[in-house]
Asks: 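What follows is a single structure, and I will ask about it in a moment.
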2 protein chains.
Amino acid sequence: MPDPLDPGPPLTAAGERLAVAASELFYRHGIRAVGVDLVAEHAGTTKKTLYDRFGSKDALVALYLRRRARTWQAFLAERTRGDGSVLAVFDALDAWLVTQDRGCAFVNAYAEIGGTDHPGVAVVRAEKEWMRELFAGLAGDAGLGAQLHLLFEGATVMVTAGGQPDAVVRAREAARALLGV
Amino acid sequence: MPDPLDPGPPLTAAGERLAVAASELFYRHGIRAVGVDLVAEHAGTTKKTLYDRFGSKDALVALYLRRRARTWQAFLAERTRGDGSVLAVFDALDAWLVTQDRGCAFVNAYAEIGGTDHPGVAVVRAEKEWMRELFAGLAGDAGLGAQLHLLFEGATVMVTAGGQPDAVVRAREAARALLGV
DNA sequence: ACGTAACCATACCGGTCGGTATACTCGCAG
DNA sequence: CTGCGAGTATACCGACCGGTATGGTTACGT
């Protein structure tokens with residue numbers, strides 16, 4: 001089966017502008033709150049081009065999530081370069097959330113499309129699976145990795161929905177305790 | 001200031017039916033996905049009555065969240081009666097999520113209304129604050145309580161958006177480790 | 001008997017939704 | 001020269017959005 005996180009081949013010029021506009025708008029305001037007209041307008045193009053390139057709003061939403069996953073993974077790789085430790089992942093999250101004030105795009109998207117057959121659901125699942133396996137690999141233990149991942153997800157939620165900026169620091173402390181270091 | 005989680009005085013008969021219908025529909029399908037016409041229809045009443053009772057959709061959404069908080073707190077109190085331990089809270093969450101397959105209503109709502117001046121935002125914040133203080137009280141330590149709360153929130157996310165039913169069990173294991181029991 | 005709160009029924013408002021249709025221009029490869 | 005993919009521009013579709021207006025029917029307390 002194909003990788004649900006693969007962002008696919010390069011886009012045309014207007015297609016790329018549409019994807020960028022969709023990412024910004026969907027993340028900031030939510031999926032249902034943003035209409036295709038608004039996306040096309042922000043991209044400086046038309047609804048016709050949007051449907052020529054992507055076929056449907058659902059497909060554009062799925063692409064938004066795939067590109068979002070790639071962006072986060074690239075940020076994480078750069079921030080943890082030369083420091084493949086669990087704690088470095090929490091430091092990366094702290095830095096990430098400074099500029100991403102609407103929290104986890106995948107959790108937010110799932111709040112709107114969960115329980116449906118929307119093509120974005122598989123992307124959300126795949127991204128969470130990817131993170132859990134990342135922690136399992138770093139911890140060298142699947143069970144411990146899953147526990148560390150829960151701290152990671154909980155911290156993301158509490159920084160945004162909970163309005164508690166120190167949640168990542170608390171998560172890092174708990175991770176240290178679980179790791180016994 | 002008034003308690004953001006106070007569900008207010010009892011409602012009239014049709015008002016109560018509207019609140020019940022709103023809870024079910026908003027939780028299952030999301031806030032923007034459900035129109036006021038649909039809520040009124042499910043309640044067996046009319047849009048006119050909805051606006052006579054609540055004044056706006058936003059106010060109805062805020063009430064939905066306040067009632068949801070009360071329902072969860074009542075469930076938790078009943079499940080942990082006679083066992084005021086941290087681990088009992090995780091057991092209660094496990095039982096709760098069996099019937100609540102769309103995850104945390106407050107996280108989901110924040111995904112749609114976060115970053116706005118929607119009256120529901122304060123309710124979301126208050127509910128998360130309430131849970132964090134519950135854990136702080138049970139653990140007898142604010143810092144440790146915050147850490148346990150992160151496991152709680154992370155588990156809720158991973159059971160639903162992550163599709164991992166054993167996340168609560170993992171969270172409970174991690175909580176035991178953090179508590180040193 | 002009277003006022004009033006609650007409720008039902010229906011119609012309407014301007015605006016936006018996702019999606020389609022028509023018609024055109026441009027650059028490029030065969 | 002021709003065909004085609006890409007893009008622009010505009011108009012349109014039925015459906016639905018949150019919210020308002022009008023009018024009438026119960027039931028109850030004073």
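Treat the numbers as computed from the prediction; the structure is a model and nothing was measured. Order of the sequence lines sets the chain letters (A, B, ...), proteins ahead of strands, with each chain counted from 1.
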Asks: How long is the line joining CG of Leu38(B) and P of dC16(D), in whole Å?
Replies: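 Spelled out: CG on Leu38(B) to P on dC16(D) is 10 Å.
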Asks: Nearest-Å distance, CZ (Phe54(A)) to P (dG7(D))?
Replies: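 To the nearest whole Å, that distance equals 9 Å.
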Asks: How many Å lie between CG on Asp52(B) and P on dG23(D), as a whole number?
Replies: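 That distance rounds to 16 Å.
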Asks: Taking DNA chain C as the partner, which of residues 7-34 of chain B come within under 4.0 angstrom of it by heavy atom?
Replies: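 DNA chain C contact set from residues 7-34 of chain B: Thr12(B), Ala13(B), Ala14(B), Arg17(B).
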Asks: Rounded to whole Å, how long is the line connecting atom NZ of Lys57(B) with atom P of dG19(D)?
Replies: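 About 8 Å, once rounded to whole Å.
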Asks: Which residues satisfy the salt bridge (Lys or Arg N to Asp or Glu O under 4.0 Å) test with Glu153(A), sequence neighbours excluded?
Replies: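 Per chain and number, Glu153(A) pairs via salt bridge (Lys or Arg N to Asp or Glu O under 4.0 Å) with Lys128(A).
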Asks: Is any side-chain nitrogen or oxygen of Arg53(B) closer than 4.0 Å to OP1 or OP2 of dC7(C)?
Replies: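 Yes, Arg53(B) has a side-chain N/O under 4.0 Å of OP1/OP2 on dC7(C).
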Asks: For Glu16(A), give me all partners under salt bridge (Lys or Arg N to Asp or Glu O under 4.0 Å), at least two apart in sequence or on another chain.
Replies: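 Partners of Glu16(A) under the salt bridge (Lys or Arg N to Asp or Glu O under 4.0 Å) test: Arg67(A).
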Asks: Donor-acceptor pairs under 3.5 angstrom involving side-chain atoms of residues 29-39 of chain B: please list them, not counting sequence neighbours.
Replies:
from	atom 1	to	atom 2	distance (Å)
Asp37(B)	OD2	Lys47(B)	NZ	3.1

Asks: Any pair with a residue in residues 76-87 of chain A that passes salt bridge (charged side-chain N to carboxylate O under 4.0 Å, His left out), sequence neighbours left out, goes on the list, sorted by first then second residue, please.
Replies: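 Matches after skipping sequence neighbours: Glu78(A)-Arg81(A).
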Asks: Quick check on contacts: within residues 39-49 of chain B, what sits under 4.0 Å from DNA chain C by heavy-atom distance?
Replies: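 Correct list: Gly44(B), Thr45(B), Thr46(B), Lys48(B), Thr49(B).
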Asks: Which pairs would a plain distance check flag for residues 132-139 of chain B, meaning a side-chain donor or acceptor within less than 3.5 Å of a matching protein atom at least two apart in sequence or in another chain?
Replies:
from	atom 1	to	atom 2	distance (Å)
Arg132(B)	NH1	Gln164(A)	OE1	3.3
Arg132(B)	NH2	Glu129(B)	OE2	3.2

Asks: Whole angstroms only, please: what is the CG-C1' distance between Leu50(B) and dC17(D)?
Replies: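 Rounded to the whole Å, the gap is 14 Å.
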Asks: Taking salt bridge (Lys or Arg N to Asp or Glu O under 4.0 Å) as the test, write out the residues that go with Arg172(B), two or more places apart.
Replies: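 Salt bridge (Lys or Arg N to Asp or Glu O under 4.0 Å) list for Arg172(B), sorted by chain: Asp91(B).
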Asks: According to the salt bridge (charged side-chain N to carboxylate O under 4.0 Å, His left out) rule, which pairs have a member within residues 48-59 of chain B, sequence neighbours left out?
Replies: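 Every pair satisfying salt bridge (charged side-chain N to carboxylate O under 4.0 Å, His left out) with a residue in residues 48-59 of chain B: Lys48(B)-Asp52(B).
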Asks: Please give, in whole Å, the distance from dT22(C) P to Tyr51(A) OH?
Replies: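 Going from Tyr51(A) (OH) to dT22(C) (P), I get 18 Å.
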Asks: May I ask you to decide if the ring planes of Phe152(A) and His149(A) are parallel, tilted or perpendicular, using 30° and 60° as cut-offs?
Replies: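 Rings of Phe152(A) and His149(A): tilted, 30 to 60°.
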